[in-house]
Structures are given as C-alpha cells and as structure tokens.
Amino acid sequence: MTELNLGLVGSAQSDDLYHFTGRNGDRPAWVPADIQQMTAQQRLERILKEKRFRAFAPLGATTACVCFSESPADHLGHLIRTGRFSPWAWSLAARPC
C-alpha cells in the first residue's frame, strides 16, 4: 500500500466522528431562524437537551442529512484554527464490532 503525503492536513481519517455545531460564515436561508441565531455552544446544548439532531440539506443539496467529520485530531485543530468551524462539537468514538 502506498502512503500519500497530504501535506498540511495530514491523515484524513479517524476512528471517531464529530458533528460540529458551528460552521463559521454565512448561514443558509433554509436553516430555520431560531437555529441561525444560536451560537455553536447553544446548538450543542440543544442537541444534548433534546437528544436529537435536526437534519437539513447542506450546501444546496436536496436531501436532508446530518454531517459528521472523521478527521483526526490534528486536522480538527486545523479546521478550528483556520476559522472554518467553532470548537463546539458532538463526538462519537467508534468501537470495534
């Protein structure tokens, strides 16, 4: 197996999944106003309180979904440091079957 040099981002996969609750930048019009007005921390608190995710169609897609990242810790730090995401996320650690 050949290892690819991915440069700045490093390895692109992790055994853990993350759902960021705060993407920085414009809020799509199809996201309800109550969610658009929340901070990333408030969104995470709502997910934990309601014990559910609310799915939306991302980036102009037509099917609603909940997005997760499988990025390793170093790349998660890169996403936060570069301002792409706020440092608030729900995490699920993968376990072997």
Side-chain angles (χ1 to χ4, degrees):
M1 179 183 209
T2 304
E3 185 174 321
L4 299 174
N5 179 0
L6 299 176
L8 179 63
V9 296
S11 173
Q13 293 183 329
S14 168
D15 290 333
D16 302 323
L17 296 174
Y18 303 90
H19 171 71
F20 281 102
T21 58
R23 176 181 285 239
N24 295 323
D26 293 336
R27 301 285 180 252
W30 61 86
V31 176
D34 66 319
I35 293 176
Q36 288 187 32
Q37 295 170 2
M38 291 177 162
T39 66
Q41 180 180 353
Q42 290 169 329
R43 288 188 203 114
L44 178 58
E45 289 170 352
R46 179 177 274 184
I47 290 168
L48 296 173
K49 180 180 176 185
E50 294 181 356
K51 299 179 183 175
R52 71 179 179 130
F53 291 100
R54 293 173 65 181
F56 304 99
L59 306 172
T62 57
T63 303
C65 67
V66 176
C67 296
F68 288 86
S69 172
E70 73 286 354
S71 296
D74 288 348
H75 190 239
L76 291 172
H78 168 76
L79 293 173
I80 293 167
R81 281 190 308 276
T82 59
R84 186 148 184 203
F85 293 95
S86 297
W88 295 94
W90 185 87
S91 176
L92 172 66
R95 299 287 183 243
C97 297

Could you state whether [X] and [Y] fall into the same hydrophobic cluster, counting links through intermediate Ile, Leu, Val, Met, Phe, Trp or Tyr residues with side-chain heavy atoms under 4.5 angstrom apart?
X: I47; Y: M38; result: no
X: L76; Y: V66; result: no
X: I35; Y: L44; result: no

Least distance between heavy atoms, [X] atom then [Y] atom:
X: L79; Y: S71; result: CD1-OG, 4.3 Å
X: A40; Y: G22; result: CB-CA, 3.6 Å
X: R81; Y: D74; result: NH2-O, 4.1 Å
X: A89; Y: F20; result: CB-CA, 3.9 Å
X: A93; Y: D16; result: CA-OD1, 3.2 Å

Side-chain contact, heavy-atom cut-off 4.5 Å: R46 with Q42?
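No - every pair of side-chain heavy atoms lies 4.5 Å or more apart.
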Please identify each residue that fulfils ring pair (Phe, Tyr, Trp, His ring centres under 6.0 Å) with F53, with sequence neighbours left out.
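Ring pair (Phe, Tyr, Trp, His ring centres under 6.0 Å) check on F53 returns H19, F68, W90.
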How long is the straight-line distance from CZ of R43 back to CG of L48, given to the nearest 0.5 Å?
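That separation rounds to 14.0 Å.
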R52: which residues meet the side chain to side chain contact (heavy atoms under 4.5 Å, CB included) condition with it, sequence neighbours left out?
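R52: side chain to side chain contact (heavy atoms under 4.5 Å, CB included) contacts with E50, R54.
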Listed partners of S91 passing side chain to side chain contact (heavy atoms under 4.5 Å, CB included), at least two apart:
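Listed in chain order: Y18.
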